[in-house]
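The figures that follow rest on heavy atoms only: side chains count, while hydrogens, waters and symmetry mates do not.
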Amino acid sequence: MIKRPSLDEYFLEIAFVVGKRATCLRKNVGAVIVRDKRILATGYNGAPSGMDHCLEIGCIRDMEKIPSGTRQEKCRAVHAEQNAIIQAAIHGVSIAGATIYCTHQPCILCTKMIINSNIKRVVYATFYPDNDSLKFFRDAGVEVEHIPFELKSETSSGD
């Protein structure tokens, strides 16, 4: 019998697939914003539109040996959560009351955007070294759930 994934697992898996488009050399991050079981917007981390990607020019954070979880302003990429929120805004889609599914725990910058976007729930799969974000979510009354998840790699059955 095939195990049907829960809705949280389903949307997290989609976030991981979205993250495959990322152009960051450090992490492939994906985000999916959902309300009423419907996808409203997606985003992955990459350079701003029209600019060279880190895949092409290298990672300034690596060059400057900046540890993960610090100095996010030095990152060339727009984060996945930011891109999903921006895409909803560009297309005139309200995300108030929605859930955002993220491959990684949002950083503090994304956390503040999520809070001000009136997203009510965050589901993430992978921890990120930024304890402030979890405190901000708690203080703002945003529900946060960590669901360990890993995208299974597809293998051919040889048929």
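Separation of atoms OG (Ser133) and CD (Glu81) is listed at 9.5 Å; rounding is to 0.5 Å. Here the CD1 atom belonging to Ile108 is positioned 13.0 Å from the CE atom belonging to Met113, to the nearest 0.5 angstrom. Taking CE of Met63 as the start and CG of Leu25 as the end, the distance is 8.5 Å to the nearest 0.5 Å. Distance check, rounded to the nearest 0.5 Å: NZ of Lys65 to CG of Asp62 gives 8.5 Å. To the nearest 0.5 Å, atoms SG (Cys110) and CZ (Phe136) are separated by 13.0 Å.
Phe149 and Tyr10 fall within a single hydrophobic cluster, where Ile, Leu, Val, Met, Phe, Trp and Tyr side chains are chained together by heavy-atom contacts under 4.5 Å. Leu12 and Val29 fall into different hydrophobic clusters, where Ile, Leu, Val, Met, Phe, Trp and Tyr are joined by side-chain heavy atoms under 4.5 Å apart, directly or via other members. When hydrophobic clusters are built by joining Ile, Leu, Val, Met, Phe, Trp and Tyr residues whose side-chain heavy atoms come closer than 4.5 Å, directly or via intermediates, Val18 is not grouped with Val93. The cluster map of Ile, Leu, Val, Met, Phe, Trp and Tyr, joined by side-chain heavy atoms under 4.5 Å apart, puts Ile119 and Ile147 in different clusters.
Within the 4.5 Å cutoff, the side chain of Ser117 has heavy atoms near those of the Ile85 side chain. The side-chain heavy atoms of Val144 and Leu134, taken from C-beta on, include a pair separated by under 4.5 Å. Within the 4.5 Å cutoff, side-chain heavy atoms of Asp8 are placed close to those of Glu145. With a 4.5 Å cut-off on side-chain heavy atoms, Ile39 and Ile14 count as touching. Residues Tyr128 and Cys107 have side chains in contact (heavy-atom distance under 4.5 Å, counting atoms from C-beta outward). Residues Val78 and Ile86 meet the side-chain proximity criterion, which asks for heavy atoms closer than 4.5 Å. Ile114 has its side chain within reach of Pro106: a pair of non-hydrogen atoms, C-beta onward, lies under 4.5 Å apart. For the pair Arg61/Arg26, a side-chain contact is recorded, criterion being any heavy-atom separation below 4.5 Å from C-beta on.
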**Request:** For Leu40 and Val34, run side-chain contact (heavy atoms from CB on, under 4.5 Å): C-alpha distance rounded to whole Å, both residues' side-chain angles, the deciding distance at 0.1 Å, then the answer.
**Result:** CA-CA 5 Å; Leu40 303 175; Val34 175; 6.0 Å; no
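Between the side chain of His146 and the main chain of Ala125, a donor-acceptor pair closer than 3.5 Å is present. Side chain of Asp130 to backbone of Asp132: a donor-acceptor contact under 3.5 angstrom is found. Under the 3.5 Å distance criterion, the side-chain polar atoms of Asp52 are left unmatched by any main-chain donor or acceptor of Ile57. Proximity of a side-chain donor or acceptor of Thr103 to a complementary backbone N or O of Gly30 within less than 3.5 Å is detected. With hydrogens and angles disregarded, a donor-acceptor distance shorter than 3.5 Å links the side chain of Gln82 to the backbone of His79. A donor-acceptor contact shorter than 3.5 Å is absent between the side chain of Gln87 and the backbone of Ala84. Listed for the Arg35 side chain is a donor-acceptor partner under 3.5 Å among the backbone atoms of Ser94. For Asn118 (side chain) and Ile95 (main-chain N/O), no donor-acceptor pair under 3.5 Å exists by modelled atom type. No donor-acceptor distance shorter than 3.5 angstrom exists from the side chain of Arg121 to the backbone of Tyr101, with no hydrogens or angles considered. Not a single donor-acceptor pair under 3.5 Å links the side chain of Thr99 to the backbone N or O of Val122.
Residues Cys24 and Asn45 come closest through the heavy atom pair CB-ND2, 3.1 Å. Residues Val32 and Phe11 share a closest heavy-atom pair of CG2-O, 4.2 Å. What you find for Gly97 and Lys120 is that their closest heavy atoms are CA-CG, 3.6 Å.
Ring-centre distance between Tyr124 and His104: not below the 6.0 Å cut-off.
Ion pairing between a basic and an acidic side chain is recognised when a charged N comes within 4.0 Å of a carboxylate O; Glu9 and Lys3 show such pairing.
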